[in-house]
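Would you mind keeping the following structure in view while I ask a few things?
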Number of protein chains: 2
Amino acid sequence: MTATRSYHHGNLKPALIAAGLEILESEGLDRLSLRACAERVGVSHTAPKNHFGNVTGLLTAIAAEGQTCLHAAMTDGLNPDAPRAERRRAAAEGYVAFARAHPALFELMWARGRVDFSDPVLAAAMSASFAVLRDVAGASGDPAAASVRDWCTVHGFALLSLQGVFDKDGMRHLGVQDILPDPPSGA
Amino acid sequence: MTATRSYHHGNLKPALIAAGLEILESEGLDRLSLRACAERVGVSHTAPKNHFGNVTGLLTAIAAEGQTCLHAAMTDGLNPDAPRAERRRAAAEGYVAFARAHPALFELMWARGRVDFSDPVLAAAMSASFAVLRDVAGASGDPAAASVRDWCTVHGFALLSLQGVFDKDGMRHLGVQDILPDPPSGA
DNA sequence: GGCAAATGTTTACGGTGGAAATATTGCGCG
DNA sequence: CGCGCAATATTTCCACCGTAAACATTTGCC
């Protein structure tokens with residue numbers, strides 16, 4: 001039996017995280033609540049407390065899962081033998097593509113006030129994501145500055161574009177590759 | 001009499017916006033609520049409905065006010081006769097300095113779900129802020145891409161830095177000027 | 001087999017935004 | 001001047017949310 005159906009769920013912690021991800025996909029961030037997650041799993045709304053402490057703990061765990069997915073989106077299909085510039089472009093596009101594919105989750109992942117960024121699990125997942133960009137960052141100038149610059153640019157582009165800020169004529173055509181610093185010099 | 005004190009406030013709309021700004025400064029974004037604004041002004045929690053419709057309307061108006069302040073932060077003390085590169089740096093630093101000086105307000109300004117970005121007043125204020133960056137953007141490549149790139153980079157830096165993401169050694173020293181694309185070529 | 005810890009439930013409470021009915025005021029118009 | 005309507009604000013009520021405390025059930029270990 002994968003799960004006894006009475007009283008003890010047996011797998012509640014991951015089930016709640018999965019429920020949260022589903023709610024984000026199907027109903028959006030503003031419908032994501034502790035009670036909604038619990039109800040979807042078929043459990044009382046106070047049950048999550050045992051595993052996550054409070055709602056912030058649950059949302060933080062969901063955000064960490066999101067970071068793992070973001071990491072995968074950047075590295076999936078990334079040819080390690082490709083030239084650095086190409087890997088850089090692919091990682092950046094993976095970042096933005098993930099944000100557009102999962103807008104609600106992506107927003108939660110950066111929602112200070114709902115998520116605890118000091119949580120070690122989340123911090124590790126975020127570091128792993130950033131490391132992808134760092135390893136392929138632009139080469140000009142201070143390498144630390146270059147990687148942070150790429151991160152800022154890609155992250156800002158993802159967020160602003162999610163907010164529809166570029167939906168006016170003359171901006172709609174812009175993609176990450178147009179935005180990344182050190183463009184291929186004369187496109 | 002600037003305001004009669006009975007029943008009709010007489011100046012409720014701007015008073016509620018001001019109250020919201022005060023709450024953001026003193027208590028933070030998570031303490032900002034429709035009821036808190038109303039209470040601070042000394043009015044019932046349903047009074048704002050007449051002027052803003054719902055809480056989103058109120059928060060959107062506060063965000064628009066924030067955009068106006070952001071615009072001012074970028075242009076204040078901006079010498080129009082200075083070389084473009086210098087004005088660009090000053091505007092970018094004004095952007096980030098504003099975010100750091102008013103973190104709660106800055107977050108609200110970009111909080112999809114609490115703010116209605118299709119509101120024309122807010123959209124106009126945002127356009128005005130962006131125009132400052134656009135007018136001083138980097139010169140290389142497509143000018144539209146260059147201005148959007150600057151915006152993304154500065155915005156991403158402001159948000160990520162507000163989240164303490166750069167608080168680890170090796171990143172703490174980084175400022176906007178290190179991050180802006182097209183660095184002065186050999187710092 | 002029995003007891004302690006882990007896991008869930010029930011109930012209750014304060015906070016939040018919104019709807020509906022009601023009260024007060026301002027103001028235009030006779 | 002005063003009447004009546006529209007604007008403005010209040011009261012009351014409701015649904016939802018997160019949390020705490022007391023309680024129930026189950027697991028697992030000795």
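Just so we're on the same page: letters track the sequence lines, and every chain starts at 1. Since this is a predicted model, take the numbers as computed values, not measurements.
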_Listed partners of A/His71 passing ring pair (Phe, Tyr, Trp, His ring centres under 6.0 Å), at least two apart_ =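 Partners of A/His71 by the ring pair (Phe, Tyr, Trp, His ring centres under 6.0 Å) criterion come out as none, since no residue qualifies.
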_Residues in side-chain hydrogen bond (donor to acceptor under 3.5 Å, both in side chains) contact with A/Arg89, at least two apart in sequence or another chain_ =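 Expected list: A/Glu93.
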*For A/His173, all residues meeting side chain to side chain contact (heavy atoms under 4.5 Å, CB included), sequence neighbours excluded*: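 Here the qualifying residues are B/Asp142.
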*Between B/His155 and B/Tyr95, how do the two ring planes meet: parallel, tilted or perpendicular, split at 30° and 60°?*
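Correct class here is perpendicular.
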_Once ring pair (Phe, Tyr, Trp, His ring centres under 6.0 Å) is applied, do any residues pair with B/His45, and if so which ones, sequence neighbours excluded?_
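B/His45: no ring pair (Phe, Tyr, Trp, His ring centres under 6.0 Å) contacts found.
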*Return the set of residues passing side-chain hydrogen bond (donor to acceptor under 3.5 Å, both in side chains) with A/Ser161 (not counting sequence neighbours), or none when no residue passes.*
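Partners of A/Ser161 by the side-chain hydrogen bond (donor to acceptor under 3.5 Å, both in side chains) criterion, ordered by chain and then number, come out as A/Arg100.
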_Rounded interatomic separation in angstrom, taking CZ from A/Arg31 and C1' from C/dT16_ =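 Result: 16 Å.
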*Provide, to the nearest angstrom, the distance between the CG atom belonging to A/Leu58 and the C1' atom belonging to D/dG18.*
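Value for this atom pair: 12 Å.
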*Quick one: list whatever passes side-chain hydrogen bond (donor to acceptor under 3.5 Å, both in side chains) with A/Thr68, sequence neighbours left out.*
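side-chain hydrogen bond (donor to acceptor under 3.5 Å, both in side chains) list for A/Thr68, sorted by chain: empty.
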*asked:* For C/dG17, does the base pair up with any side-chain atom of B/Arg35 as donor and acceptor (N or O, under 3.5 Å, distance only)?
replied: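 Flag set: donor-acceptor pair detected.
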*Looking at DNA chain D, which of residues 106-118 of chain A put a heavy atom within less than 4.0 Å of it?*
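DNA chain D contact set from residues 106-118 of chain A: none.
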*Tell me which residues in residues 36-45 of chain B put a heavy atom below 4.0 Å from DNA chain D, sorted by number, or none.*
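Under 4.0 Å from DNA chain D: B/Val43, B/Ser44, B/His45.
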*Just how far, in rounded Å, is P of D/dT8 from CG of B/Leu16?*
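It works out to 13 Å between those atoms.
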*Applying ring pair (Phe, Tyr, Trp, His ring centres under 6.0 Å), name anything that partners A/Phe52, two or more places apart in sequence or on another chain.*
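With sequence neighbours excluded, A/Phe52 shows a ring pair (Phe, Tyr, Trp, His ring centres under 6.0 Å) to no residue whatsoever.
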_For A/Phe117, give me all partners under ring pair (Phe, Tyr, Trp, His ring centres under 6.0 Å), at least two apart in sequence or on another chain._
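Residues passing ring pair (Phe, Tyr, Trp, His ring centres under 6.0 Å) with A/Phe117: none at all.
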*asked:* Tell me the interatomic distance from A/Ile23, atom CD1, to D/dC17, atom C1', rounded to whole angstroms.
replied: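 Atom CD1 in A/Ile23 sits about 13 Å away from atom C1' in D/dC17.
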_At a heavy-atom distance below 4.0 Å, what parts of residues 46-53 of chain A sit against DNA chain D?_
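DNA chain D contact set from residues 46-53 of chain A: A/Thr46, A/Lys49.
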*To the nearest Å, how far apart are B/His9 NE2 and C/dT24 C1'?*
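After rounding, the gap between these two atoms is 16 Å.
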Result block: side-chain N/O donor-acceptor pairs under 3.5 angstrom for residues 56-65 of chain A, not counting sequence neighbours:
residue : atom : partner  : partner atom : Å
A/Thr60 : OG1  : A/Thr56  : O            : 2.6
A/Thr60 : OG1  : A/Asp116 : N            : 2.9

*Distance in angstrom units between A/Leu59 CG and D/dG18 C1', rounded*: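 Rounding to the nearest Å, CG of A/Leu59 and C1' of D/dG18 are 11 Å apart.
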*Round to the nearest Å and state the distance from B/Leu12 atom CG to C/dG26 atom P.*
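These atoms are roughly 14 Å apart.
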*asked:* How many whole angstroms separate atom CG of B/Leu34 from atom P of D/dT10?
replied: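 Going from B/Leu34 (CG) to D/dT10 (P), I get 12 Å.
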_Between A/Arg40 and A/Glu27, does any side-chain N to carboxylate O distance fall below 4.0 Å?_
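Salt bridge between A/Arg40 and A/Glu27, a charged N being under 4.0 Å from a carboxylate O: yes.
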